[in-house]
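Here's the structure, in structure tokens; my notes come after.
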Amino acid sequence: MSSPHTFDLPISGMTCASCAGRVERALAQVPGVQQVSVNLASEKARVEAPGDSLAALLDAVSRAGYSVPLQRLELAVEGMTCASCVGRVERALGQVAGVHGVSVNLASERASVEVVAGVAVADLIAAVQQAGYQARPLSQVQPQDRAASLRRERWALLAALVLATPLVLPMFAEWLGLHWMLPAWVQFALATPVQFILGARFYVAAWKAVRAGTGNMDLLVALGTSAGYGLSLYLWATASGHHTPHLYFEASAVVIALVLLGKYLESRAKRQTSAAIRALEALRPDRAVRVVDGREEEVAVDALRLGDLLLVKPGERFPVDGEVVDGHSQADEALISGESLPVAKQPGDTVTGGAINGEGRLLLRATALGGETVLARIIRLVEDAQAAKAPIQKLVDRVSAVFVPVVLLVALLTLGGWLLAGAGLETALINAVTVLVIACPCALGLATPAAIMAGTGVAARHGILIKDAEALELAHRVSVVAFDKTGTLTSGEPRIVHLVASHGSEDDLLRLAGALQRGSEHPLAKAVLQGCAERQITPPQVGASQALSGRGIQGQVEERLLALGNARLRDELSLVAGELAQQAQDWEAEGRTLSWLLELQPQARVLGLFAFGDSLKPGAADAIGALRARGIHSHLISGDNAGSANAVGRQLGIDEVHAQVLPADKAAHVAALKAGGAVVAMVGDGINDAPPLAAADVGIAMGGGTDVAMHAAGITLMRGDPRLVPAALDISRRTWSKIRQNLFWAFIYNLIGIPLAAFGVLNPMVAGAAMALSSVSVVSNALLLKRWKPAQEEQR
């Protein structure tokens, strides 16, 4: 059990002394708790308990009916070089009182820490510094800081290459048959600045690791190059006469130069993996034109308030989320939703901050500012996904924790083995140095986070927001996709599916019905008017219009008294369906809503029949077809009647249809599929499908970027295109493939390289080049994901 800590826990929900007593009793029952005091006035509980018992304390408060507020803090961590560093930073942060969870990402150099509300950022920063690294709040990191750091790395690399190149020229000359060597003092003069000035970073980081009782890549580099440098000094000092022995200054200098080259290329590649975040951040304008009492004034976006009127000119970006008050235009939302075509905007429509206004001037009212805008939420979501750890990374972390000590042991065994075999100290030491150099676990630490950053980044550019790495890892194994119907595969708005005229043409039937529905806001009325617009029919004027409660509407059209309504209205008027009766029965069996167009005067008769239904989304059939092509079964789980659900299922070729399922029972259907051994993805609109989305292995919310959609599921589709569902599974499969490739090469590199080094097949310079290449190749392999596009975009 760990050493005791004092936890100050804020408690939400306490209203009286009995509440405080209940919390105190619940906390006192947690194993290891030594003392508890609960203060109702400050709404806090002070608990003395083992340092690793925070989760048990939070669970006890929850079971008592109260909660401890948690918050997430983000830190930028500098100085991490390998997976061992990640583990050390995580352990250091995890030991801070009040820390509930920690995730450190080597590729993004970021720590995401979930803490009890009230934990100071300064305490977290102090813990990181105590572990031998530097940290600061992520909000304080500016893009120019990263650019400046990259420039410093570039200058250090150039200096190392300039100094190390003359040291290896004799080796290249020897390949050409020329035998010459730089004087020992020249070698010493060139190698020393590389070793102790440009290589100082390795010594500093190695010392911090040793002081913390662990090892890392820097320790391996420092030990290996120091051994080579020290051996060179020894050989030089003990040389007899004027003969200059073979020295190893070039090996130590070149290894440091190659490691610096690898770190520089790695930093450049990591910068590319975070390009998605930078692209999104660049969409946010700094200034906006506010309209006050008819006057236009340019102000900072930070100075805006909800409800402000803003003027957006053609070609400008919308500064915030808003509602169009005046004007007509189009918006290019490609970088936000992935939608490649401009979206028409008119009064009443919403616009998203960061999108580009088209050719018209728009006046809009600000509806969301700062961190509450859709763009800000997208950025947070992508950042969280890139900072998260896939479950497989936990295995890598466990391996990395013991990797460096094992490598040090192998290096000592190599040294001892060669000495026992009768080799000289020089040979034994060089082979041990090679083991240390080639074993640096950089590639191992970068394999998973680099692929996740690249995969989530490219997915975000195409409107697929992956909330967490676990969803990304699971999605490639999905065998069943369950769809909600309304709003997911269908538009959610009624349209005319069928119409038939018993007297006159279909166009005439639609023209008369359109006249009766002019000015109505009823959903079926909008469907009729939309049908008129699609056929370019202009409805005539209507007179003496009168709503018939619960039955329909009637009015005077072209000297004829007409009515449009349901079967009840037809029966009340004693009109017979006649030849349309069978048609009506068939359409009702499909779950359609029927409306009869009736003529009351000059003669009473049935003019025709309309069947309304929810129309399929344009990409729905393609989405189901793409899933079927990959061997993935599709299910429809809908609350609609069996006729309507089965009709959609038949049209799309869905494998199984479950109709009339209550919202509360949808989660049970998902659970039943999982119990049968399937890996289930649930696709819903993210508003009323939260339970089944949460119950599924992978929840995919098809929403408009709302908070509900983003938090209900592991994956959110930013536009309502069903084809993004197979696209999301595809980018998951490709990302998972890159993770496996990276881990394979990282492990195989060490499995092959370390024995070769131990048996003297390699030398330190080759080992240094191979080590640098391994890290760069892992990140470069991950960056290939940036070329991915959804299938529908590749076909354009």
Side-chain angles (χ1 to χ4, degrees), residues 156-204 206-207 218-261 408 411-412 414-440 757-769 771-772:
L157 169 63
L158 290 174
L161 292 175
V162 167
L163 291 170
T165 299
L167 291 170
V168 294
L169 286 179
M171 183 178 68
F172 292 122
E174 193 165 331
W175 292 348
L176 300 174
L178 303 174
H179 301 282
W180 65 282
M181 186 181 296
L182 290 172
W185 69 269
V186 175
Q187 295 184 50
F188 172 77
L190 290 170
T192 300
V194 176
Q195 186 73 39
F196 297 109
I197 297 176
L198 300 175
R201 57 183 285 182
F202 301 112
Y203 286 100
V204 172
W207 168 245
D218 301 294
L219 178 61
L220 299 181
V221 172
L223 285 175
T225 58
S226 296
Y229 183 87
L231 177 62
S232 300
L233 289 178
Y234 171 77
L235 294 174
W236 183 21
T238 58
S240 59
H242 298 288
H243 172 67
T244 302
H246 179 76
L247 305 178
Y248 296 94
F249 284 123
E250 87 281 355
S252 297
V254 169
V255 164
I256 288 177
L258 287 171
V259 173
L260 291 176
L261 173 63
L408 292 174
L412 287 173
T414 301
L415 178 66
W418 280 94
L419 290 174
L420 289 174
L425 175 63
E426 180 179 339
T427 301
L429 196 55
I430 286 301
N431 290 333
V433 166
T434 307
V435 169
L436 293 174
V437 171
I438 202 166
C440 297
F759 286 105
V761 178
L762 304 177
N763 64 49
M765 281 190 292
V766 174
M771 185 208 67

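One distance of note links CG of Leu415 with CG of Leu420; it measures 9.5 Å at 0.5 Å rounding. Expressed to the nearest 0.5 Å, how far CH2 of Trp418 lies from OG1 of Thr427 amounts to 7.0 Å. Residue Leu223 holds its CG atom at 6.5 Å from CG of Leu408, rounded to the nearest 0.5 Å. Note that the OG1 atom of Thr414 and the CZ atom of Phe759 stand 8.0 Å from one another [nearest 0.5 Å]. The CG atom of Leu163 sits 6.0 Å away from the CG atom of Leu190 when rounded to the nearest 0.5 Å.
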### Task
Take Leu260 and Phe202 through the test side chain to side chain contact (heavy atoms under 4.5 Å, CB included) and record every step on the way to the result.
CA-CA 10 Å; Leu260 291 176; Phe202 301 112; 4.1 Å; yes
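Applying the side-chain hydrogen bond (donor to acceptor under 3.5 Å, both in side chains) test to pairs two or more places apart or on separate chains, those with a residue in residues 220-234 are Thr192-Tyr229, Gln195-Thr225, Tyr203-Ser226.
For Pro193 against Ala189, the heavy-atom pair with the smallest separation is CD-O, 3.0 Å. Residues Ala257 and Leu157 come closest through the heavy atom pair O-CD1, 3.7 Å. Summarising the geometry of Thr434 relative to Ala757, their closest heavy-atom pair is CG2-CB, 3.5 Å, with the distance given to 0.1 Å. The shortest heavy-atom contact between Leu161 and Thr165 is O-OG1, 2.5 Å.
Annotation: side chain of Phe188 is in contact with side chain of Leu233 (closest heavy-atom distance under 4.5 Å).
A donor-acceptor contact shorter than 3.5 Å is absent between the side chain of Gln187 and the backbone of Leu167.
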